[in-house]
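Scroll down for the structure; my scribbles are underneath it.
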Amino acid sequence: MPQNPTMVEGLEHDGSRHSAGDPLPPKCAVIEVHLAELKQLFNSIDPSPFRNRDLDPKAEEFIVGWAKDIARDAPLALVVDLDRPAGLPDEAVVLRDAIHEFFHQRAEAFWQRLRDLLRVGRTSLVIGLIALAVAIALGDFLASLMKGSRFGEIVRESLTIGGWVSMWRPLEIFLYDWWPVRREARLAEKLAVMPVRIRYLDAAAPESWRGDWPAVSPEQEQKEKQRGTETLDQAS
């Protein structure tokens, strides 16, 4: 799991707006997202707890697309401009942990995909080399049987070409397919440790956070989950 940056206690003034969350490193490339509610950032049909909830596909595409346009060696940070006042004291922590966990899982998925791809590449390489050797040997054998025949030369050349075609898949994997997956994995790892900060625009009613995500604190969510488990045990 990625290590969490040091959090800023309470709310701070960021210009004319309140803000909370991680301090932004100097000279970092800031990805800015403007939302009416925090729950817009997450997949509305995902029933997972807050820290395991998937990002909305459009939000993920926006964040990843912005990050790809930034220099690879530049540190990243995410700033969420929120059209409401501050809610729970730890909502910036919950948001950061949820975003970090999402991209951490994405990075793990990309690394697993790369391992699987290279495994297929190695297997394909062995098969391709065997097929190439057999095709060349068979072509030479048939050509020797039909020595002096034009048809024998055609058969040998056809088998040789077929043997080289069998090498197409491993060459494609080892020359072209692996590095885009590796790049995506590294980008996801970078997004999994970036600082996350919320800037409150105070454009909504003071109690508007109660209808937003997260509507309850992680501690209260755990208590409700335990209460529900105990209820099910009593019913059974």
Side-chain angles (χ1 to χ4, degrees), residues 1-3 29 31 33 41-49 51-76 78 97-194:
M1 289 291 295
Q3 297 297 319
I31 302 172
V33 180
L41 199 59
F42 293 86
N43 193 330
S44 60
I45 64 173
D46 188 352
S48 303
R51 286 177 171 81
N52 299 321
R53 190 167 297 183
D54 286 345
L55 291 184
D56 180 84
K58 292 184 178 178
E60 178 189 1
E61 181 181 1
F62 178 83
I63 294 172
V64 172
W66 194 323
K68 287 181 178 179
D69 291 335
I70 298 170
R72 293 184 184 180
D73 57 345
L76 299 177
L78 178 66
D97 289 348
I99 291 175
H100 283 187
E101 179 63 22
F102 174 81
F103 283 112
H104 175 71
Q105 295 296 331
R106 281 291 183 270
E108 288 294 322
F110 279 122
W111 285 122
Q112 184 60 50
R113 178 180 169 188
L114 180 60
R115 288 190 290 268
D116 293 341
L117 182 63
L118 294 178
R119 187 180 302 113
V120 171
R122 291 190 293 269
T123 303
S124 301
L125 181 60
V126 172
I127 295 173
L129 289 173
I130 294 173
L132 177 60
V134 170
I136 293 175
L138 183 60
D140 290 342
F141 174 73
L142 294 176
S144 65
L145 289 180
M146 296 177 283
K147 185 176 297 184
S149 171
R150 183 64 178 168
F151 182 72
E153 292 297 323
I154 293 175
V155 170
R156 182 172 65 178
E157 292 298 326
S158 299
L159 287 172
T160 302
I161 292 173
W164 282 110
V165 169
S166 67
M167 294 291 295
W168 163 76
R169 182 54 178 157
L171 289 175
E172 182 183 41
I173 291 175
F174 290 118
L175 290 179
Y176 305 110
D177 287 353
W178 69 272
W179 59 266
V181 181
R182 181 169 173 261
R183 182 178 61 184
E184 293 287 350
R186 288 188 167 182
L187 178 61
E189 284 183 336
K190 194 174 180 180
L191 292 170
V193 296
M194 66 179 174

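A pairwise comparison of heavy atoms in Arg53 and Asn43 identifies CD-O, 4.1 Å as the closest pair. The two residues Gly152 and Ala143 come nearest to each other via the heavy atoms O-CB, 3.9 Å. Residue Trp111 comes nearest to Glu189 through the heavy atom pair NE1-OE2, 2.8 Å, listed as atom of the first residue, atom of the second, then distance. Residue Met194 comes nearest to Leu76 through the heavy atom pair CB-O, 3.5 Å, listed as atom of the first residue, atom of the second, then distance. Taking both residues in full, the closest heavy atoms of Met146 and Val155 are given as CE-CG2, 4.4 Å, listed atom of the first, atom of the second, then distance. Of all heavy-atom pairs spanning Pro170 and Gly121, the tightest one is CB-O, 3.9 Å.
Distance check, rounded to the nearest 0.5 Å: NE2 of His104 to CG of Leu191 gives 13.5 Å. In this structure, CG in Leu142 is found 13.0 Å from CD1 in Ile154, a value given to the nearest 0.5 Å. Here the CZ-CG distance, from Arg106 to Asp54, works out to 5.5 Å after rounding to the nearest 0.5 Å. The line from CG of Leu125 to CZ of Phe174 is 5.5 Å long, rounded to the nearest 0.5 Å. Note that CD1 of Ile31 is 4.5 Å distant from CD1 of Ile70, once rounded to the nearest 0.5 Å. For the atom pair Leu41 CG and Glu60 CD, the distance stands at 10.5 Å (nearest 0.5 Å).
The pair Asp116-Arg119 meets the salt-bridge criterion, since a charged nitrogen lies less than 4.0 angstrom from a carboxylate oxygen.
Of the N and O atoms on the side chains of Glu101 and Gln105, at least one donor lies less than 3.5 Å from an acceptor on the other residue.
The side chain to side chain donor-acceptor pair (under 3.5 Å) pairs that include a residue from residues 122-145 number zero, where partners must be two or more places apart or lie in different chains. Counting only residues at least two apart or on different chains, the side chain to side chain donor-acceptor pair (under 3.5 Å) pairs with a member in residues 173-183 are Arg169-Asp177. Legend: salt bridge (charged side-chain N to carboxylate O under 4.0 Å, His left out) pairs involving residues 61-73, not counting sequence neighbours, sorted by first then second residue: Lys68-Glu184. Within the structure, the salt bridge (charged side-chain N to carboxylate O under 4.0 Å, His left out) test picks out no pair touching residues 123-136 (sequence neighbours left out). Applying the side chain to side chain donor-acceptor pair (under 3.5 Å) test to pairs two or more places apart or on separate chains, those with a residue in residues 155-168 are Glu153-Arg156.
Side-chain atoms of Phe103 and Val64, non-hydrogen and from C-beta on, do get closer than 4.5 Å to each other. Between Phe42 and Leu55 there is a side-chain heavy-atom pair separated by less than 4.5 Å.
Take Arg186 and apply the side-chain hydrogen bond (donor to acceptor under 3.5 Å, both in side chains) test, not counting sequence neighbours, and it matches no residue.
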Start with the C-alpha distance between Leu187 and Phe110, add both sets of side-chain angles, then the distance that settles side-chain contact (heavy atoms from CB on, under 4.5 Å), and finish with yes or no. CA-CA 10 Å; Leu187 178 61; Phe110 279 122; over 6 Å; no
